[in-house]
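Working notes for the structure below.
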Amino acid sequence: MSSRKSGLGRGLDALIPTGGPTSVPVTRQTDTDERRVMFSLINPDGSVRDRLPITLDEMKALYADMVEARAYDSKSIAMQRQGRLATYAPFRGQEAAQVGAAAGLENDDWVSGTYRDAALNWRAGFPWELLILGRTGDERGGEVPEGINVLPPSITVGGHMIHAVGLAWAEKLSGSNRIALTSFGDGATSEGDFHEAMNFAAVYQTPTVFFCQNNGFAISYPTSEQTRSESIAVKADAYGMPGIRVDGNDVVAVLVAVREAAVLARSGSGPSLIEAVTYRMGPHTTADDPARYREADEGEEWEEKDPLSRVQKLLERHGTWTEQWQAGLEEQASQRIERAVEWAESVPEPTFEEMLNRMYAEPTAPLLEQLDEGGQADE
Amino acid sequence: MSSRKSGLGRGLDALIPTGGPTSVPVTRQTDTDERRVMFSLINPDGSVRDRLPITLDEMKALYADMVEARAYDSKSIAMQRQGRLATYAPFRGQEAAQVGAAAGLENDDWVSGTYRDAALNWRAGFPWELLILGRTGDERGGEVPEGINVLPPSITVGGHMIHAVGLAWAEKLSGSNRIALTSFGDGATSEGDFHEAMNFAAVYQTPTVFFCQNNGFAISYPTSEQTRSESIAVKADAYGMPGIRVDGNDVVAVLVAVREAAVLARSGSGPSLIEAVTYRMGPHTTADDPARYREADEGEEWEEKDPLSRVQKLLERHGTWTEQWQAGLEEQASQRIERAVEWAESVPEPTFEEMLNRMYAEPTAPLLEQLDEGGQADE
Amino acid sequence: MPSCGIERAAMRAQRAWLHTRPSRRGTQVPEVNLAQALNGALDTALGSDDRVILLGEDIGRTGGVFRITEGLQEKHGSNRVFDTPVAESGIVGAALGMAIAGLRPVAEIQFMGFSYPAYDQIINHVARIRNRTNHRFTAPMVIRMPYGGGIGAAEHHSESTEAIYAHVPGIKVVVPSTPNDARGLLLAAVEDPDPVVFLEPIRLYRAVKEDIPDIYYTVDIGPVRVERPGDDITLVSWGAMMRETRAAANALEDVDISVEVIDVRTLSPLDRSGILASVEKTGRAVVIHEAPLTAGFGGEIAATIQEGALYSLQAPVRRVTGWDTIFPLKRSEGHYLPTVDRIVSAAYETLEV
Amino acid sequence: MPSCGIERAAMRAQRAWLHTRPSRRGTQVPEVNLAQALNGALDTALGSDDRVILLGEDIGRTGGVFRITEGLQEKHGSNRVFDTPVAESGIVGAALGMAIAGLRPVAEIQFMGFSYPAYDQIINHVARIRNRTNHRFTAPMVIRMPYGGGIGAAEHHSESTEAIYAHVPGIKVVVPSTPNDARGLLLAAVEDPDPVVFLEPIRLYRAVKEDIPDIYYTVDIGPVRVERPGDDITLVSWGAMMRETRAAANALEDVDISVEVIDVRTLSPLDRSGILASVEKTGRAVVIHEAPLTAGFGGEIAATIQEGALYSLQAPVRRVTGWDTIFPLKRSEGHYLPTVDRIVSAAYETLEV
Ligand SMILES: Cc1ncc(C[n+]2csc(CCOP(=O)(O)OP(=O)(O)O)c2C)c(N)n1
Ligand SMILES: Cc1ncc(C[n+]2csc(CCOP(=O)(O)OP(=O)(O)O)c2C)c(N)n1
Ligand SMILES: [Mg+2]
Ligand SMILES: [Mg+2]
């Protein structure tokens, strides 16, 4: 199974000093601009706006994770086409947001994300093996290993955010140091459940990080129509909560924003909202045809902002990236994913009994009768 | 039945010029202060902060309406104690907010309010007779006369706001000039439905006025705990909608705010949010005991801000208010309400058949069977 | 532009005209599947009544995830067909406001499993506005939702909770299983003065085809449809399970058992006498649905049959249903969905006694 | 401070101790009404298990609109008993998160009619977390809600939609009708490893009194309770309607009809064999509930009886229920609620054949 956290985010070395002041928003300003202007550190051409508060090794590890995530994404699309997976929701373009967010957390923090958050979930400890098993259409894919506090991806839009409030609340009450991060899309911000979750988190000052990947669309509906607020981040004001808008294609900016929100949460300063501005480069799911609702050149524009290539260019500038290194990363990623696929596809068919036995701690009387009845029918 | 709209709100005469500039916020400023600082015109001692944009006759009519509303409130509490009404939700203290809001509307505008909005609903055309009938526990109290576009008071908290969005949307689509106002409490702003209604209204720019009476409590839960936003009005930002905070005990300030929001809505500029800051001077309902959750002196403080007495003082300063006039108003109000009570209590008992026939345009087959069965049982 | 209230009469006239337009009368559109029939019905509704508007997630630009509204925004305009934010309670609540104001909204919920956030609006508001205003305000609106399993979909995408809607007084619940009924029932639902929850069987969308009349017609909400008359046993089902029910009936007919098949079509109001008439004749019945057994709508039907036809019953009414589990993911779907075999076995058991 | 996960064993031990604490064993608290029994059970739960927390609207400072949580915040602290914003979906969803993290939240919904905004959380999330994680994460939580009519309340305050909860796989649905059961079932619900919807009959809160044991005890979730044994006919009911059912049984006994009264107590999982055992003996049954007839839980019971005991049945199982209407306001309440007379008449009709 894939390895968990790589111990990122302790150093504050300048990777590529730009000479400018280090203006990482480590303490939240009351200035509302943060909710409107986008915070970013790495430009699409690989140049940086500011000192990066991570080490070179960390940067390379983040890049490697994004490469592996993209390999998983491509593999999943291919498998879905071969009928080996059920409908799949690609995250291409959102690797920085997801890998960066997970990297901002501690090992045992809670994560409650969505069907599109495979990279986030994986990076937070959910093994590829189980993610794939889940996508073959198997509930056992949701049985995350003990010690990994990641909920299986939520399929309903909106309903899972409040769970991260309850989880964090429980941790706060039991005096633990754990926090909870919930990831969701721009579309999810329209659900009433978003509002209730944000409000509860603020009222009880639960250590919850609300992480929105604004990827431009809810299926076919553009974010520009989804809401008339100036940004998603600005919605934090309605709850008296800090909000920040970051470049979601900049893995370090995301990491910094999440780490900072996590620090606030862990120190008892309550929840915050992060809007990671990104773009869903693929279709909504493998069943979707984006040509019906968006122009191809929009995608091209975003190709230039690709989250992987900007880090590649950065590392290239630094003399670290080589084709050989890249090939090695891809090879390793592909091997790990192939092994995961192999494992998932070797899991024996789920049985009728398992289906019924999964409902309660102990099967109830009606289920015992039905186990009997269905068991016979199955023979 | 009670008379409808008194043709208020056309004149802009200075009732009591203060010499200061007329700074009524007729055009909405982008300045966020409006959402935090309270707009008011009449001080608790009856002095005014600014020129009042209404005539003396209008001021007197507003006062008379508040007197009548208060008489209804007291009568209802008394009747409930005598077992003549089901549980009743008093609005004492909120007369200015409710009368002012209704006065800011046109005759055929839509209103969707709550169980505590009897004064608002009445002032918008819902006859006392039917309001009382409803409170005796009779669905026929909800059958408002043709031409009156007021929905019966909503008992669920939160669910009725979106109806004012749909109503306004329909009016916009059919090119009419009608708008919709929805009234709700501070507690209602925590429901997911508030969020969805605000968002839909903003997205489709429906001519909807969101009118929140922040009366300090949701049953026992204080507004200060209900949300951590700086105000209710500030929540408008989350939807890219104008928001304003007004002194809800100042009938003219409320009238001005609602009229202005109505102008915006009617002119195609979409929805707005008004927070009227007021205080529920009585219990949540006749079944509630506020001593369990608030100090008595809190109420006393608000007695000084009473919405009626400040207008009385204003009129007194102006030499218009006399004890005799007051007595006359009370006498008239009381007569009208007594007549309404008499009428409501003379309505014959609702029948079993009516109960079943009210379900659909035509009773369905199961109901026809049940009409038969129940009719026999009733004999 | 949709028009309100007073234009009703004009609309009626226009519809009446459509009904009788000679060039159309009697002609049949060949080989229409259920999805196309629904798309055509919505097109007809939009074309014949200005008060009709459509709203829902992704129904405009893309024509909906199942393409049931395909082409309708283009044809009828973005002032008639609205894409909405992701907010089901908002969709239904806004539709209710529009209906009160005189429009005839048809809301789409993307999947039945996402109708639950709107359940409060449906049970507490949509279903009650007529009752609480003693007929003064009403909710002539339709809430469409694809339902049911069988396509290996993700969690929440295979729900069949018709029972929780059928239990709500003040709404009607309709579920077609043929293209003909789909068109006629949907047009009837749009015309209905009361709110209708309209369930669309996902796995039949493209699986059943037939010729349908190329005219404006309605199918009455209420009466069951005796799809196939028979004498030995009655199979009662609706919606998506009609496919397996038909196959089971064929299998039984193959061994010379005469099967009466009833497509309930309208779950509320329930046509009890239609069902009883059949069982009084056959004396035996099996009810089939894919929802879980406990408190499923099959209980209502079995209870009804024993109440009204106990002395005709030769054997207990059996229920062939989903198990008391959550609808499973793809790999276990076969364990869950009632099979033709299970229906046939239940029929044999019922016949054996 | 509530503690998570690993402390389970300790808690168990503590409870076991409570069970056997000698000074308490056997003593009875006299004349406890149902509301007091519930209050006492919550007090006991808070006192014996640190993981238990309470949350809901107005449950802290005021002790809830029905005072079921009276005094508990004062006694156990505002870190155990939480007043919440007005947001039912939030209450249930937050409770689910807490339960996953190892707490044992008991959420109060102020009235059943306000549980619908939380229906999505209950059916899509609370009921599924065990299933979708194959037992890895679970929802040991209780959702309490007062339900039912009879107090002349406002709209939405008299709901009895137990059927829409009983139809949800993954949760349990419990409804006591006596103080003894109220305490025992509530403590069992708090202990249960799966989520329990706990319905509290409003009009019985202060109407039934009995002595209850002053110890920590539980009543099993599942088995029906044969409240009164008899031979001629079985009356089956639950919750608030037990009052009218008992009165009807008394009236029938007065004319020497031997009545077996069954209090179902747990609607899900349903104790089918408990009900069948009774009807196999009596051959006749009437099911009583105040929810509307169509798709009410009475259908499930009648269907179950004819499935399992058709050949014992001397007469159809009759259902005495609310009508297919919205629960009416005060002046019409008498038209709606099933009366003792209606139950007695149905029993006579059942006995006559
Ligand atoms: C409650 C609910 N409503 C509708 C859907 C159908 N649906 C699935 S994804 C989606 C769009 C969500 O958009 P967004 O939140 O931006 O996330 P993204 O897919 O862009 O990652 C919709 C409407 C759902 N899954 N759940
Ligand atoms: C959906 C819903 N949840 C809970 C209730 C119970 N309840 C009735 S009034 C009320 C408080 C509402 O407070 P607020 O919105 O401030 O209005 P106010 O009573 O102060 O006018 C609550 C919780 C309800 N009626 N509806
Ligand atoms: Mg999105
Ligand atoms: Mg309030």
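Note that the structure is a prediction, hence the values are computed from the model and not measured. Every chain is numbered from 1 and lettered A, B, ... according to where its sequence line falls, protein lines coming before strand lines.
- In this structure the side chain of C/His125 reaches within 4.5 angstrom of the side chain of B/Thr156, judged on heavy atoms.
- Contact check for B/Asp193 versus C/Gln121: side-chain heavy atoms found under the 4.5 Å cut-off.
- The two residues C/Ala87 and B/Phe200 have their closest heavy-atom pair at CB-CE1, 3.7 Å.
- Contact of C/Arg272 with chain B is made through the side chain alone, with heavy-atom distances under 4.5 Å.
- Proximity to chain C is absent for every atom of B/Ala197, based on heavy atoms less than 4.5 angstrom apart.
- Two residues are said to be in side-chain contact when any heavy atoms from C-beta on lie closer than 4.5 Å; C/Arg132 and B/Arg358 fail this criterion.
- Contact of B/Ser154 with chain C is made through backbone and side chain together, with heavy-atom distances under 4.5 Å.
- Contacts of C/Ala95 with chain B are absent, with no heavy-atom separation under 4.5 Å from either backbone or side chain.
- C/Asp194 touches chain B through its side chain: at least one heavy atom from C-beta onward sits under 4.5 Å away, while N, CA, C and O do not.
- Taken from NE2 in B/His160 to CG in C/Asn124, the straight-line distance is 13.5 Å, to the nearest 0.5 Å.
- With rounding to the nearest 0.5 Å, the separation of CD1 in C/Ile53 from OG in B/Ser174 is 11.5 Å.
- Looking at B/Pro363, there are no atoms closer than 4.5 Å to chain C (heavy atoms on both sides), in backbone or side chain.
- Interatomic distance, OG1 of C/Thr84 versus CG of B/Asn199, reported as 10.0 Å (0.5 Å rounding).
- Ranking B/Met161, B/Glu139, B/Glu143, B/Met355 against chain C, the residue ahead of the rest is B/Glu143, based on heavy-atom pairs under 4.5 Å.
- Residues C/Thr133 and B/Pro152 share a closest heavy-atom pair of CG2-CG, 3.4 Å.
- Contacts of B/Tyr360 with chain C are made by both backbone and side-chain atoms, with heavy-atom separations under 4.5 Å.
- The shortest side-chain heavy-atom distance between C/Leu103 and B/Trp169 does not fall under the 4.5 Å cut-off.
- For the pair B/Leu173 and C/Phe82, the minimum side-chain heavy-atom distance is below 4.5 Å.
- Neither the backbone nor the side chain of B/Asp138 comes within contact range of chain C, judged by heavy atoms closer than 4.5 Å.
- No side-chain heavy atom of C/Ile129 sits less than 4.5 Å from a side-chain heavy atom of B/His163.
- In terms of heavy-atom pairs under 4.5 Å with chain B, the best-connected choice from C/Asn134, C/Ile91, C/Ile221 is C/Asn134.
- Both the backbone and the side chain of C/Pro85 come within contact range of chain B, judged by heavy atoms closer than 4.5 Å.
- Ranked by heavy-atom pairs under 4.5 Å with chain B, the list C/Ser268, C/Ala94, C/Pro169 is led by C/Ala94.
- Residue C/Leu96 touches chain B through its side chain alone, counting heavy-atom pairs closer than 4.5 Å.
- With a 4.5 Å cut-off on non-hydrogen atoms, C/Ile171 touches chain B through its backbone but not through its side chain.
- In this structure, chain C has heavy atoms under 4.5 Å from both the backbone and the side chain of B/Val144.
- The environment of B/Glu146 atom CD is sparse: at most 12 non-hydrogen atoms of other residues, nucleotides or ligands sit within 6.0 angstrom.
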